[in-house]
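The first residue of the sequence shown is numbered 1, and numbering continues consecutively from there.
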Amino acid sequence: MSFDLILASASESRARLLRSAGVRVGITPPRIDEDSVKDALQAEDAPPRDIADTLAEMKARKVAEKGGGGLVLGCDQVLSFKGQVLSKPEDVADAMSQLRLLRGETHQLLSAAVIYEDMKPVWRHVGVARLTMSDFSDAYLEDYVERNWDSIRWSVGGYKIEEEGIRLFRMVQGDTFTIQGLPLLELLSYLTLRGTLPT
């Protein structure tokens, strides 16, 4: 089977979004130390947008270097809150801590995507969404994390809006795909314009 692009990620949700849109996608997870790269960028006071974009490009480049040609898509998502960049929760206690921090406040999700072709970047986009959490109780928070830990452990901020996590919010500004970690509409537009996808 020939693929429209190779996804440089182990993210099941991104692969599912692409396949649901009719994109034939192969999966090749890159091996990079995301945490050390993120730490180094934060030490240099890099803005969250640049952190997401840099990590997405590194993933695409790493997989493109393996050869095989074709389009390689790297993605990364960063949660920005009052100058802090949050990562995926390390454990249940960390998830609760992050959600308490975000409770009643507004944060941003930045979803970066970079496409490599012939060992160089040919397209990039960073989608931005603003999300405002409600003032949920500690009791609900604890129950929520306990019920959903197996799913939310892989999500920055400790929630998924496509699941029960939507109940944590009172306002969402931005498209659902960006919030799920992939600026899908912009990506599909690019793939269509270049002729990868039929019109």
Side-chain angles (χ1 to χ4, degrees), residues 1-21 23-80 84-95 98 108-128 149-160 162 177-184 186-188 190-191 196:
M1 176 184 178
S2 62
F3 298 117
D4 296 317
L5 58 77
I6 301 299
L7 176 62
S9 171
S11 168
E12 293 179 10
S13 61
R14 289 188 182 110
R16 185 171 59 250
L17 286 172
L18 289 164
R19 288 177 176 137
S20 294
V23 180
R24 296 170 300 175
V25 60
I27 308 294
T28 305
R31 295 188 179 198
I32 64 169
D33 187 349
E34 291 186 50
D35 290 335
S36 65
V37 173
K38 191 180 292 185
D39 289 345
L41 290 168
Q42 286 183 272
E44 297 172 1
D45 293 323
R49 183 185 193 92
D50 290 355
I51 294 173
D53 182 70
T54 298
L55 285 166
E57 180 165 351
M58 286 183 69
K59 293 172 186 178
R61 183 173 65 242
K62 187 78 171 180
V63 171
E65 286 172 351
K66 295 180 179 179
L71 303 180
V72 178
L73 172 65
C75 304
D76 194 75
Q77 185 178 60
V78 165
L79 189 156
S80 174
Q84 296 183 60
V85 172
L86 302 187
S87 299
K88 296 170 186 173
E90 295 178 5
D91 51 33
V92 167
D94 189 30
Q98 289 192 30
Q108 288 188 328
L109 282 178
L110 300 97
S111 291
V114 176
I115 290 180
Y116 257 59
E117 183 179 28
D118 298 326
M119 284 306 302
K120 63 180 184 292
V122 295
W123 178 85
R124 65 195 331 123
H125 181 81
V126 180
V128 182
W149 173 243
D150 285 343
S151 177
I152 64 174
R153 67 191 306 167
W154 311 111
S155 300
V156 293
Y159 63 82
K160 287 185 176 180
E162 66 271 31
F177 307 117
T178 293
I179 295 167
Q180 292 180 54
L182 180 66
L184 183 62
E186 293 80 4
L187 173 63
L188 293 174
Y190 171 73
L191 293 176
T196 302

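- Checked against salt bridge (charged side-chain N to carboxylate O under 4.0 Å, His left out), Glu34 has the following partners two or more places apart in sequence or in another chain: Lys59.
- With sequence neighbours left out, the side-chain contact (heavy atoms from CB on, under 4.5 Å) criterion links Lys88 to Val156.
- In this structure, the ring pair (Phe, Tyr, Trp, His ring centres under 6.0 Å) partners of Tyr190, at least two apart in sequence or on a different chain, are Trp123.
- Contact annotation: the side chain of Thr196 never approaches that of Val23 to less than 4.5 Å [non-hydrogen atoms, C-beta and beyond].
- With sequence neighbours left out, the salt bridge (charged side-chain N to carboxylate O under 4.0 Å, His left out) criterion links Asp4 to Arg24.
- Considering every non-hydrogen atom in both Val72 and Ala60, the closest pair reads CG1-O, 3.5 Å.
- Checked by atom type and distance alone, the side chain of Gln180 never pairs as donor or acceptor with a backbone atom of Arg14 at under 3.5 Å.
- Taking all atoms of both residues into account, the shortest heavy-atom contact from Ser80 to Pro48 is OG-CG, 3.4 Å.
- Screening Leu7, Leu17, Leu73 for a side-chain contact (heavy atoms from CB on, under 4.5 Å) involving Val25 leaves a single residue, Leu7.
- The distance from the CG atom of Leu184 to the OG atom of Ser20 is 9.0 Å, given to the nearest 0.5 Å.
- Between His125 and Pro183, the shortest heavy-atom distance links the atoms CD2-CB, 3.5 Å.
- Partners of Gln98 by side-chain contact (heavy atoms from CB on, under 4.5 Å), not counting sequence neighbours, listed by chain and number: Leu86, Pro89, Asp94.
- Counting non-hydrogen atoms of other residues, nucleotides and ligands closer than 6.0 Å to CD of Glu90 gives a total of 12 or fewer.
- Listed by first and then second residue, the side chain to side chain donor-acceptor pair (under 3.5 Å) pairs that reach into residues 44-55 are Asp53-Arg124, sequence neighbours excluded.
- Contact between Ile27 and Ala15 at its shortest, heavy atoms only, is CD1-CB, 3.7 Å.
- Not counting sequence neighbours, Tyr116 has no partner by the ring pair (Phe, Tyr, Trp, His ring centres under 6.0 Å) test.
- Contacts of Asp91 classified as side-chain hydrogen bond (donor to acceptor under 3.5 Å, both in side chains), with partners at least two apart in sequence or in another chain: none.
- No side-chain donor from either of Thr28 and Lys66 sits under 3.5 Å from a side-chain acceptor of the other.
- Between the CG atom of Leu110 and the CD1 atom of Ile51 there is a distance of 9.5 Å, given to the nearest 0.5 Å.
- Here the closest heavy-atom approach between residue Gly157 and residue Leu79 is recorded as CA-CD1, 3.6 Å.
- Sequence neighbours left out, the pairs with a member in residues 109-121 that pass salt bridge (Lys or Arg N to Asp or Glu O under 4.0 Å) are Glu117-Arg194.
- For Gln42, there are no side-chain hydrogen bond (donor to acceptor under 3.5 Å, both in side chains) partners, not counting sequence neighbours.
- The side-chain hydrogen bond (donor to acceptor under 3.5 Å, both in side chains) search around Thr178 returns Asp175, not counting sequence neighbours.
- Every side-chain hydrogen bond (donor to acceptor under 3.5 Å, both in side chains) that Lys38 has, sequence neighbours left out, goes to Ser87.
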Open item on the list: Run the side chain to side chain contact (heavy atoms under 4.5 Å, CB included) test on Leu187 and Leu18 for me, step by step, so that the C-alpha distance in whole Å, both residues' side-chain angles and the decisive distance to 0.1 Å come before the verdict.
Closed with: CA-CA 10 Å; Leu187 173 63; Leu18 289 164; 3.6 Å; yes

